[in-house]
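Read through the structure below, which is laid out as structure tokens, and then see the notes.
Side-chain atoms are counted along with the backbone in the values below, which use heavy atoms only and exclude waters and symmetry mates. What you are looking at is a predicted structure, and each value in this text was computed from that prediction instead of being measured. Quick note: residue numbers are just sequence positions, from 1.
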Amino acid sequence: SHRYMEILDPSTPEKIIKLGKLLKLKKGKRVIDFGCGCAEPLALWAEEFGITGIGIDISEDFCNRARQKLASKGLSDRIEIVCSNGADYIFEEGVFDAATCIGSTFIFGGFQQTLQALKRAVHQNGRLGIGETHWLSNQVHPVYAQKQTTTHTETELAQFTRDEGFELEYIIRASYDDWDRYISDNWYGLIRWLEENPTHTDYEQVFKHFRTDQDDYLQFLRQSMGWAMYCLCLLYTSDPADDTP
């Protein structure tokens, strides 16, 4: 369902570049991105800011697409793609300027667990970027709440952030247009697959998934769930004693 998509989340190139600015990316900065998909954010940041980095994704298809894209843009020497489960990937700790996980917190089991993993990757002045769903209110139909057990309110996300020693510095929110584009691109890809594979053994299962996904979005998700990219930072306050002559 993602084959016609480059950005695998409800976002835009402009918003991803905005996140890069908030992460204070510039030439020579190192980024590690978990669940990098087709590496569109890394490619945008490499072109816009001159970063180097590593992208990790479990999907061989996504990794191949990412490598082809980076090669076509002349970025293969600056961005490395590793095909691996992000939770199993062993990275050098405390050396990255930014660590990101955009729309892939399921890798680690949720928002707070993702924050715990990402913060080990960055140095003391590093920043984190996490793309995540959130409930738009506390009143969520229990049937749908049970389907989305790792989704929280933004108040809860802010508390998780503080519990891990970080501050929520900035929110880049998906619009309804962003949501519609992302979901519709998924439907478009699924319909193309169904048209091309009418005798496939998985046809009925894929068709059922398409209909259920569409019903859930139209009946509930669009009204009840939001998505945003959160820029997180450590807040250092100076000790008054340090200012004493």
- Does the side-chain contact (heavy atoms from CB on, under 4.5 Å) test come out yes or no for Glu132 and Tyr230, once each step is laid out? CA-CA 8 Å; Glu132 181 69 311; Tyr230 302 98; 4.2 Å; yes

- Task: Mind checking ring-ring contact (aromatic ring centres under 6.0 Å, His included) for Tyr203 and listing every partner two or more places apart, or none if nothing turns up?
- Result: none

Main-chain N/O of [Y] paired to [X] side chain as donor or acceptor, under 3.5 Å:
X: Lys29; Y: Lys24; value: no
X: Glu156; Y: Thr153; value: yes
X: Trp179; Y: Pro10; value: no
X: Arg67; Y: Ile81; value: yes
X: Asn197; Y: Trp193; value: yes

Could you state the interatomic distance from [atom1] ([X]) to [atom2] ([Y]), rounded to the nearest 0.5 Å?
X: Asp213; Y: Trp187; atom1: CG; atom2: CH2; answer: 7.0 Å
X: Thr161; Y: Lys119; atom1: OG1; atom2: NZ; answer: 10.5 Å
X: Leu168; Y: Leu128; atom1: CG; atom2: CG; answer: 11.5 Å
X: Lys18; Y: Lys15; atom1: NZ; atom2: NZ; answer: 11.5 Å
X: Thr133; Y: Met225; atom1: OG1; atom2: CE; answer: 4.5 Å
X: Arg211; Y: Gln214; atom1: CZ; atom2: CD; answer: 7.5 Å

- Task: Report yes or no: do Asp178 and Ser11 form a side-chain donor-acceptor pair below 3.5 Å?
- Result: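 Not at all, the side chains of Asp178 and Ser11 share no donor-acceptor pair under 3.5 Å.
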
- Message: Can you confirm whether the side chains of His134 and Arg173 place a donor and an acceptor under 3.5 Å from each other?
- Response: yes

- Exceeds 12 heavy-atom contacts within 6.0 angstrom, atom CD of Glu60: no

Sub-4.5 Å side-chain heavy-atom contact between [X] and [Y]:
X: Ile130; Y: Phe111; answer: yes
X: Val206; Y: Leu194; answer: yes
X: Thr105; Y: Thr150; answer: no
X: His123; Y: Val95; answer: no

- Task: Sort and list the pairs that fulfil side-chain hydrogen bond (donor to acceptor under 3.5 Å, both in side chains) and have at least one residue in residues 79-94, not counting sequence neighbours.
- Result: Glu93-Arg120

Less than 3.5 Å apart, which donor and acceptor atoms pair up between the side chains of residues 41-58 and the rest of the protein, not counting sequence neighbours?
from	atom 1	to	atom 2	distance (Å)
Trp45	NE1	Ile16	O	2.8
Asp57	OD1	Ser59	N	2.9
Asp57	OD2	Cys36	N	3.4
Asp57	OD2	Gly37	N	2.7

- Would you list the pairs meeting ring pair (Phe, Tyr, Trp, His ring centres under 6.0 Å) in which at least one residue belongs to residues 8-34, sequence neighbours left out?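 Residue pairs passing ring pair (Phe, Tyr, Trp, His ring centres under 6.0 Å), neighbours aside: Phe34-Phe91, Phe34-Phe108.
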
- Query: Could you give all pairs that pass the ring pair (Phe, Tyr, Trp, His ring centres under 6.0 Å) test and reach residues 151-175, with sequence neighbours left out?
  - Reply: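 Every pair satisfying ring pair (Phe, Tyr, Trp, His ring centres under 6.0 Å) with a residue in residues 151-175: His152-Phe160.
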
- Message: Less than 4.0 angstrom from a charged side-chain N to a carboxylate O is my criterion; do Asp97 and Lys26 meet it?
- Response: no

- Salt-bridge test for Arg181 and Asp177: reply yes if a basic N is under 4.0 Å from a carboxylate O, no otherwise.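 Looking at Arg181 and Asp177, the cut-off is not met.
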
- Query: Hey, any chance Leu136 and Met229 share a hydrophobic cluster, counting ILVMFWY side chains that come within less than 4.5 Å of each other, even indirectly?
  - Reply: no

- Going through the distances and angles, do Ile172 and Leu22 end up as a side-chain contact (heavy atoms from CB on, under 4.5 Å)? CA-CA 10 Å; Ile172 305 173; Leu22 293 164; 3.7 Å; yes

- Task: State yes or no: are the ring centers of Trp227 and Tyr176 separated by less than 6.0 Å?
- Result: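 No, the ring centres sit 6.0 Å or more apart.
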
- Report the C-alpha distance between His209 and Leu190 in whole Å, list the side-chain angles of each, state the deciding distance to 0.1 Å, and finish with yes or no for side-chain contact (heavy atoms from CB on, under 4.5 Å). CA-CA 9 Å; His209 167 74; Leu190 287 170; 3.9 Å; yes

- Query: Which residues pass the salt bridge (charged side-chain N to carboxylate O under 4.0 Å, His left out) test with Lys69, sequence neighbours left out?
  - Reply: Glu6, Glu40

